[in-house]
Amino acid sequence: MPLIVASVSALVIIARRPDAVTNPQFWAEDGATWFAQAYQKGGLHVLTAPYGGYVIAWARLVAWGAQAFPVGRAPLLYNLAGFALQLAPPVYIATRRFDHLIPDWRVRALLIALYLAIPASAEIDVNLTNAQWHAAVMLPLLAFALPPVRLWGRIVEGALFLLLALTGPFCLLMLPLLVWYAWARRWPLWLRVVCGLDMVAVVIQLHAIAQSAGQRRLVFGGQIPLLVRAAAGRTIVSLAVGQRGYAALVSSVRGWPLTLILTSALVVGIVILALAWLHGSLELRVFLVYGVLMLGSAFLVVPVGSSVKNQWGALAMPGLGGRYFFVPMLAVVAALGSLLGARRRAVRRAALIVVAVIVCVGVPLDWVEPHYVDYHFSTQVARCFAEPRGSPCRIPINPPGWSIEFTRQ
C-alpha cells in the first residue's frame with residue numbers, strides 16, 4: 001500500500017505544479033541563500049549556519065550535496081529534495097505503523113488526499129525553502145507511529161527525526177507536546193528517545209537564536225479584529241473555498257458583512273476543534289494544540305523578509321505568509337477526519353458537509369498553481385561562467401525581485 005500511495009501522491013504533487021520538474025526554477029532562499037552560500041563558502045560548516053535566527057539543516061544539506069553536480073541542474077535537484085519531503089507524510093501515514101491510530105482506511109485516504117490537494121498551499125509546494133513546513137508535519141508523525149521493530153530502523157528514524165527537528169524552529173513547539181504525549185503514554189522507550197532527540201535540537205536552535213538576536217522580533221498587532229480576520233480568513237475560509245475564493249470574498253464584500261462572515265467562520269472552526277478534542281484520540285489532541293501554537297507564532301514573530309509594518313493586516317489578506325497557515329489548516333482537516341467517525345449522526349453529517357465544501361470548492365479553485373517566471377537559469381549560468389574567475393555574478397530568480405549574487409570561482 002505505501003508504494004501505491006507514493007506513486008499516486010507523486011502524480012498529484014506534480015500535477016499541481018508540473019513546471020517544478022519540466023522547467024525548474026529557484027525559489028527565494030533556494031538560490032539567494034542556500035545555493036549562493038554553499039557555492040561561495042563550501043565546506044561542511046555551512047550545514048549549521050543559522051538563517052533567520054535558526055538552523056535549517058535539510059536545505060543546507062541539500063545545497064551542500066548539490067555542489068557535486070553541474071550548477072545548471074541545481075534548481076531541479078533542489079525541487080526534487082523539496083518534493084521528497086513533501087511526499088514523506090502521506091507515504092508514512094499509509095504504512096502499517098499507523099493502523100492503530102487510523103484503522104479506517106477511508107478516513108486515512110481522505111486525510112492523505114486533502115494533505116496533497118489542500119487549498120492555499122502554492123507557496124510551500126515543490127520547493128526546498130518551504131519544505132521545512134512539511135518537515136514540521138513529519139515531527140509529530142514520527143512520534144505517533146509505532147516504533148520501528150529493528151534496531152537499525154530505530155537508528156535511521158532517530159537520525160531522520162533529529163535532521164527534521166533541526167530544519168526550522170518547530171522542535172521548540174514540539175518539545176512540551178512530546179513531553180505531554182510521552183507522559184500520557186507512560187514514557188515508553190521510543191518516546192523517551194524522541195524527546196531526547198528533540199531536546200538536543202532545541203538546545204542547538206536556541207543557541208542559533210541567541211547568535212542571531214535581532215533578526216527576529218516579537219510583534220503585537222494590537223487590533224483584535226485583524227487577528228480574527230487573519231485567523232478565520234487564512235485558516236477556515238481559505239481551506240473551505242481556497243485562496244482564490246477568499247480573495248474573491250475580500251474584494252467583493254467589505255465592512256460589517258465581511259466581519260460577520262469571518263467571525264462566523266472562526267466560530268465554526270472553534271466548534272470543529274472543540275468537538276474533535278472531546279471525541280478524538282490523544283494523538284489528535286496533541287496535533288490540534290500543535291496547529292494552534294503554529295497559528296499563534298504567525299502573529300507573534302515577524303516573518304523573514306517581511307517589510308510590512310502592519311503584519312496582522314498583511315496576514316489577513318490572501319497571499320502573504322501562506323506557509324504559516326499550512327499546519328493549522330491540516331489540524332482542521334485532522335479534526336474533520338475524526339468527526340466523520342463520531343457517534344452522533346448530526347456531528348458526522350456536519351463534518352461531511354464541511355469536507356464536501358472543501359473537496360468541491362476549495363480544492364478545484366486552488367488545484368492549478370501558478371507557474372514560476374522563467375528566467376532561463378541554465379542560460380544565465382552559462383553566461384556567468386563564461387566570465388573570468390573572480391567576476392561578480394547576478395542571476396534573477398523567483399519570486400520577481402529576488403536574485404542570486406556570488407563571485408565566479
Side-chain angles (χ1 to χ4, degrees), residues 2 6 29-30 33-35 37-38 41-69 74 77-93 95 97 124 126-148 150-175 177-178 181-182 190-209 211-212 287 290 294 323 326-327:
E29 285 90 348
D30 286 359
T33 303
W34 320 135
F35 170 82
Q37 292 185 3
K41 298 179 181 179
L44 288 172
H45 65 278
V46 298
L47 296 180
T48 57
Y51 176 74
Y54 46 80
V55 176
I56 307 180
W58 177 252
R60 295 290 193 183
L61 183 63
V62 171
W64 175 74
Q67 295 301 305
F69 298 87
L77 296 174
Y78 283 39
N79 286 355
L80 290 177
F83 168 81
L85 203 49
Q86 185 172 346
L87 187 63
V91 174
Y92 203 72
I93 292 173
T95 64
R97 294 170 60 191
I124 64 168
V126 202
N127 66 65
L128 182 61
T129 289
N130 290 325
Q132 61 175 305
W133 299 90
H134 299 286
V137 178
M138 279 298 295
L139 290 179
L141 294 184
L142 288 167
F144 295 159
L146 291 175
R150 299 180 180 179
L151 178 60
W152 68 265
R154 298 193 179 203
I155 293 174
V156 170
E157 199 151 295
L160 175 62
F161 183 92
L162 182 59
L163 174 63
L164 298 181
L166 289 173
T167 301
F170 312 109
C171 60
L172 301 172
L173 300 180
M174 278 302 303
L175 183 56
L177 300 180
L178 286 175
Y181 182 60
W190 177 243
L191 286 181
R192 278 183 276 171
V193 171
V194 169
C195 286
L197 292 172
D198 198 69
M199 288 180 184
V200 171
V202 165
V203 170
I204 294 174
Q205 294 290 17
L206 288 177
H207 177 68
I209 291 171
Q211 286 185 318
S212 308
F287 192 70
Y290 188 46
M294 198 77 74
R323 58 195 180 275
F326 175 61
V327 175

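Computed from a predicted model, the values in this text were never measured in an experiment.
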- request: With the side chain counted from C-beta on, respond yes when Tyr181 and Cys195 share a heavy-atom pair under 4.5 Å apart, and no when they do not.
  value: no
task: Determine whether Met138 and Phe170 make a side-chain contact, defined as any pair of heavy atoms from C-beta on separated by less than 4.5 Å.
output: no
query: So do the side chains of Leu139 and Leu173 get within less than 4.5 Å of each other, counting heavy atoms only?
result: no
task: Go through the side-chain N and O atoms of Gln132 and Arg323 and say whether any donor and acceptor fall under 3.5 Å apart.
output: no
query: Do side-chain atoms of Thr95 reach the backbone of Val91 as a donor and acceptor pair under 3.5 angstrom?
result: no
message: Could you measure the distance from the CG atom of Leu162 to the CG atom of Leu197? Nearest 0.5 Å is fine.
response: 5.5 Å
- prompt: If we only count heavy atoms from C-beta on, is the Trp58 to Leu128 side-chain gap below 4.5 Å?
  reply: yes
task: Output every pair passing salt bridge (Lys or Arg N to Asp or Glu O under 4.0 Å) with a member in residues 155-168, not counting sequence neighbours, ordered by first then second residue.
output: Arg97-Glu157
field: Check: Val137 and Val327 side chains under 4.5 Å, non-hydrogen atoms
entry: yes
field: Student check: side-chain heavy atoms of Phe161 and Asp198 closer than 4.5 Å
entry: yes
field: Flag, side chain of Gln205 to backbone of Gly168, donor-acceptor distance under 3.5 Å
entry: yes
query: Distance-only, no hydrogens or angles: does the Glu29 side chain make a donor-acceptor pair with backbone N or O of Trp34 under 3.5 Å?
result: no
- request: Please tell me if the side chains of Arg60 and Thr33 come closer than 4.5 Å, counting only heavy atoms from C-beta onward.
  value: yes
message: Taking the side chain as everything from C-beta on, heavy atoms only, tell me whether Val194 gets closer than 4.5 Å to Leu142.
response: no
- request: Using modelled atom types only, decide if a donor and an acceptor are shared between the side chain of Tyr290 and the backbone of Ala136 within a distance under 3.5 Å.
  value: yes
